[in-house]
Amino acid sequence: MSMYQAGEIQVLPLGVPVFRKKLDSFLARNGLGSSSFDIYLAFLSADGEIIAGGGLDGDTIKCVAVDASFRSEGLLPPVISRLMSEASQRGIHSLKVFTSPENEALFASLGFRTIGCAPLAVLMENGRGLEKYCDYLASLPGGGRTGVIVMNASPFTLGHRHLIEQSRAGLDRLVVIPVRDGNGPFSYTERRDMIRQACPDAILAEGSGYQISAATFPSYFIKRLSDVSETQMRLDIDIFCRHIAPALGADLRIVGTEPCDPLTARYNELLKEVLPSRGIQVREIGRLCMGGAPVSASAVRAALDASDYPAAASMAPYSTRRYLLAELAARALQTELDAPDKPGLVCPDSSGAHDDMDYTLMCKAVKAIRRAFPVHWDKDIVAFGKAVEADVLELTGGVNTHRGAIFALGLASRAEGSRDGIAALAAAVPESSGSHGASAAMRFGAKGALAMARDGYRELYSDWLPFWRSVRRGPYAVQKTLLRIMCTLDDTCILHRAGKDAADEVKYRAGVLLGDFTPEGLKGMAADFVARNISPGGSADMLALTVYIDSLIHEK
């Protein structure tokens with residue numbers, strides 16, 4: 001007998017493997033694939049098996065099903081009603097459901113109306129969400145002949161700007177709609193801001209959940225994978241024709257040619273096939289090419305994945321570059337953080353010599369830095385650093401996770417990796433004795449963070465960066481580079497925590513281990529540093545900076 005009573009709607013504890021397995025089995029019996037949920041409600045049989053249920057994911061009802069032998073029992077209406085109540089308690093008053101056409105009548109009887117159709121799927125809604133969105137679109141300024149561009153822009157490239165500039169001919173108004181739920185490393189807010197900064201005179205509409213992307217379309221009820229993308233695209237096009245274009249008074253949809261991606265090319269084909277029959281023309285603009293290759297967001301992302309900032313930046317407007325730099329800075333910080341067995345430092349499986357921070361907190365701080373860099377970009381370098389640090393301290397509850405890294409990576413970002421540029425920026429930064437590192441540098445006569453920056457990080461460019469490039473494709477590259485830095489850096493974090501003798505010992509031991517490296521030796525040093533409260537935090541900052549500058553002045 002299950003812990004749940006038969007005949008009552010139960011909330012499934014999906015974090016418990018046995019119940020997740022029961023749900024996956026139930027969905028498979030009913031021809032549905034698995035999916036993600038905020039909550040899943042179910043009726044259970046007397047022996048604890050799921051016989052009917054439905055889930056909620058944000059503002060979307062998903063995976064509604066009843067086992068065949070119970071379909072005459074009227075179990076779905078109470079499940080859906082309960083899901084609607086759960087959504088209301090979460091402040092969601094307009095729910096969507098993607099479902100197969102045969103379920104359309106059931107949801108219609110529960111107050112849902114169809115807002116989009118495709119041969120294998122319908123999208124239905126029970127509130128005024130789409131109506132309110134269309135009212136908003138109708139309120140946008142301007143009039144006359146209106147064209148529409150819908151773009152993901154992850155990130156916004158010179159190709160996107162070219163498309164916008166070439167689309168204005170013959171139009172009184174051009175409306176650009178960013179996809180709200182696109183894939184990629186750049187948030188909706190960032191992508192929208194990229195468009196606004198690069199094309200300030202374009203009419204930029206808010207995106208919505210009614211631009212149906214691969215990220216938002218749940219395909220669990222479509223059996224053949226080959227049908228999923230086609231269904232998602234046809235559903236998106238139908239909603240555009242029924243609702244979006246009429247709200248804007250638009251009779252033209254503008255797209256760029258797609259020579260590389262088969263799915264986007266197929267989407268363009270469907271637009272040209274469907275829209276003219278519904279009174280909307282399609283204009284296809286030739287793709288911008290550089291060096292014989294089309295400029296695309298996917299090419300920019302590929303350059304980022306290859307740690308090749310110059311290639312990525314060459315395809316992006318200047319206003320997009322702050323986001324590229326922020327992304328690479330965060331990746332460099334994460335590269336340092338993810339390496340295991342770093343002596344005295346936070347790792348995925350250890351907090352090192354720190355009792356006020358752990359891996360989870362550090363990951364959150366990295367994400368905060370990633371978000372904050374573009375937000376505060378237009379501030380002068382001192383105000384920028386303070387603002388980013390304040391954002392991180394607010395998230396960490398005042399724990400100083402990355403103060404030194406924010407300073408160093410901020411300078412490198414503004415200078416785009418130029419050593420002379422870093423030195424020039426650092427020259428304008430006033431001296432400070434307020435930090436532990438600055439106090440330790442003054443006490444022990446060491447070169448502090450500001451002095452190193454004003455010197456253009458001489459050792460980084462002459463020693464640490466070449467070393468990183470020589471080992472980065474081999475095993476333990478991150479840890480070995482950390483040891484290389486520890487050999488030569490006057491680490492003010494060590495000086496503050498353990499004093500001059502310990503700092504000298506660290507340099508010596510790091511050199512010995514690097515000369516005869518073994519994983520066991522690294523683990524032994526890590527254990528010893530924890531026991532003695534030694535943390536080479538300054539070396540960790542310089543490691544992240546080394547990885548970052550490698551991407552900024554990429555060398556294949």
Side-chain angles (χ1 to χ4, degrees), residues 306-307 331-363 366 401-402 404-405 408 446 452 457-551 555-556:
S307 298
R331 293 186 188 193
L333 289 168
Q334 199 68 45
T335 296
E336 182 276 320
L337 180 59
D338 286 345
D341 298 324
K342 300 187 303 292
L345 298 170
V346 175
C347 303
D349 56 355
S350 171
S351 294
H354 299 272
D355 57 10
D356 59 346
M357 61 185 77
D358 57 21
Y359 179 77
T360 299
L361 183 68
M362 296 285 281
C363 286
V366 170
T401 57
H402 289 92
M452 291 179 61
Y457 295 112
R458 182 186 305 272
E459 285 180 299
L460 187 154
Y461 286 89
S462 65
D463 184 5
W464 307 335
L465 180 59
F467 181 85
W468 163 248
R469 287 175 170 172
S470 72
V471 300
R472 64 185 172 189
R473 292 183 176 86
Y476 292 93
V478 175
Q479 295 91 334
K480 289 177 181 178
T481 304
L482 174 67
L483 291 171
R484 181 76 169 209
I485 295 169
M486 289 166 60
C487 288
T488 57
L489 178 69
D490 289 333
D491 195 318
T492 55
C493 185
I494 299 175
L495 288 168
H496 168 70
R497 281 172 167 256
K500 182 74 165 57
D501 290 344
D504 290 341
E505 178 193 345
V506 166
K507 287 183 179 182
Y508 172 76
R509 290 181 60 185
V512 171
L513 179 56
L514 185 60
D516 186 19
F517 180 85
T518 64
E520 294 74 21
L522 185 69
K523 289 179 182 292
M525 181 182 283
D528 180 56
F529 279 25
V530 171
R532 296 170 60 190
N533 196 35
I534 295 174
S535 172
S539 300
D541 292 341
M542 290 300 99
L543 171 60
L545 182 62
T546 300
V547 173
Y548 185 43
I549 288 180
D550 179 41
S551 68
E555 180 182 278
K556 296 181 181 179

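All values below come from the heavy atoms of this structure, side chains included, with hydrogens, waters and symmetry mates left out.
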In terms of heavy-atom contacts, Tyr359 and Pro348 come closest through CD1-CA, 3.5 Å
Salt bridge (Lys or Arg N to Asp or Glu O under 4.0 Å) contacts touching residues 345-355 (sequence neighbours left out): none
Salt bridge present between Asp490 and Lys507 (N-O < 4.0 angstrom): yes
Can you tell me how far the CE atom of Met525 sits from the CE atom of Met486, to the nearest 0.5 Å? 5.5 Å
A side-chain contact here means heavy atoms from C-beta on lying under 4.5 Å apart; do Leu333 and Met362 qualify? no
Go through the steps for Arg497 and Ile534 under the test side chain to side chain contact (heavy atoms under 4.5 Å, CB included), then give the verdict. CA-CA 7 Å; Arg497 281 172 167 256; Ile534 295 174; over 6 Å; no
One should read off an interatomic distance between Ile485 CD1 and Asp491 CG, to the nearest 0.5 angstrom, of 10.0 Å
Determine whether Glu505 and Asp501 make a side-chain contact, defined as any pair of heavy atoms from C-beta on separated by less than 4.5 Å. no
If I compare all heavy atoms of Cys493 with all of Gly538, which pair ends up nearest, and what's the gap? CB-N, 3.8 Å
At what distance, to the nearest 0.5 angstrom, does CH2 of Trp468 lie from OG1 of Thr335? 6.5 Å
Between Leu489 and Met452, is the side chain to side chain contact (heavy atoms under 4.5 Å, CB included) condition met? List the steps. CA-CA 10 Å; Leu489 178 69; Met452 291 179 61; 3.6 Å; yes
Do the charged groups of Asp550 and Arg472 touch, with an N to O distance under 4.0 Å? yes
Going through the distances and angles, do Ile549 and Tyr461 end up as a side chain to side chain contact (heavy atoms under 4.5 Å, CB included)? CA-CA 9 Å; Ile549 288 180; Tyr461 286 89; 3.4 Å; yes
Measure the shortest side-chain to side-chain distance between Pro519 and Tyr476 over non-hydrogen atoms and say whether it is less than 4.5 angstrom. yes
Are Trp464 and Leu543 packed together at the side-chain level, in the sense that at least one heavy-atom pair is separated by less than 4.5 angstrom? no
Taking Thr518 for the side chain and Gly521 for the main chain, is one N or O donor matched with an acceptor at less than 3.5 Å? yes
Looking at Ala339 and Val478, what are the two nearest heavy atoms and their distance? CB-CG1, 3.5 Å
Stepwise, does the side chain to side chain contact (heavy atoms under 4.5 Å, CB included) test hold for Glu336 with Val547? CA-CA 8 Å; Glu336 182 276 320; Val547 173; over 6 Å; no
Is the shortest heavy-atom distance from the side chain of Met542 to the side chain of Glu459 under 4.5 Å? no
Tell me, do Cys363 and Leu337 make a side-chain contact under 4.5 Å, heavy atoms counted? yes
Just how far is it from atom CG of Asp341 to atom CD of Glu520, taken to the nearest 0.5 Å? 10.0 Å
Taking the six-membered ring of Phe467 (Phe, Tyr or Trp), confirm whether the NZ or CZ of Lys480 is under 6.0 Å from its centre and within 45° of its axis. no
CG of Leu545 to OG of Ser539: how many Å apart, nearest 0.5 Å? 12.5 Å
Under a 4.5 Å cut-off applied to non-hydrogen side-chain atoms, are Gln479 and Pro340 in contact? yes
Over all heavy atoms of both residues, which pair between Pro466 and Asp463 is shortest? Give the atoms and the distance, please. CD-O, 3.2 Å
To check you understand the geometry: which heavy-atom pair defines the closest contact between Ala544 and Ala332, and what is its length? O-CB, 3.5 Å
Taking Ala527's backbone N and O only, do any of them form a donor-acceptor pair with Lys523's side chain (distance below 3.5 Å, no angle check)? no
Value for CG (Asn533) from NE2 (His354), rounded to nearest 0.5 Å, stands at 8.5 Å
So, do Leu345 and Pro536 sit near enough that their side-chain heavy atoms are less than 4.5 Å apart? yes
For Thr401 and Leu361, work out which heavy atoms get closest and say how close. CG2-CD2, 4.2 Å
When you measure from the side chain of Ser350 to the backbone of Cys347, do you find a donor-acceptor pair of N or O atoms at a distance under 3.5 Å? no
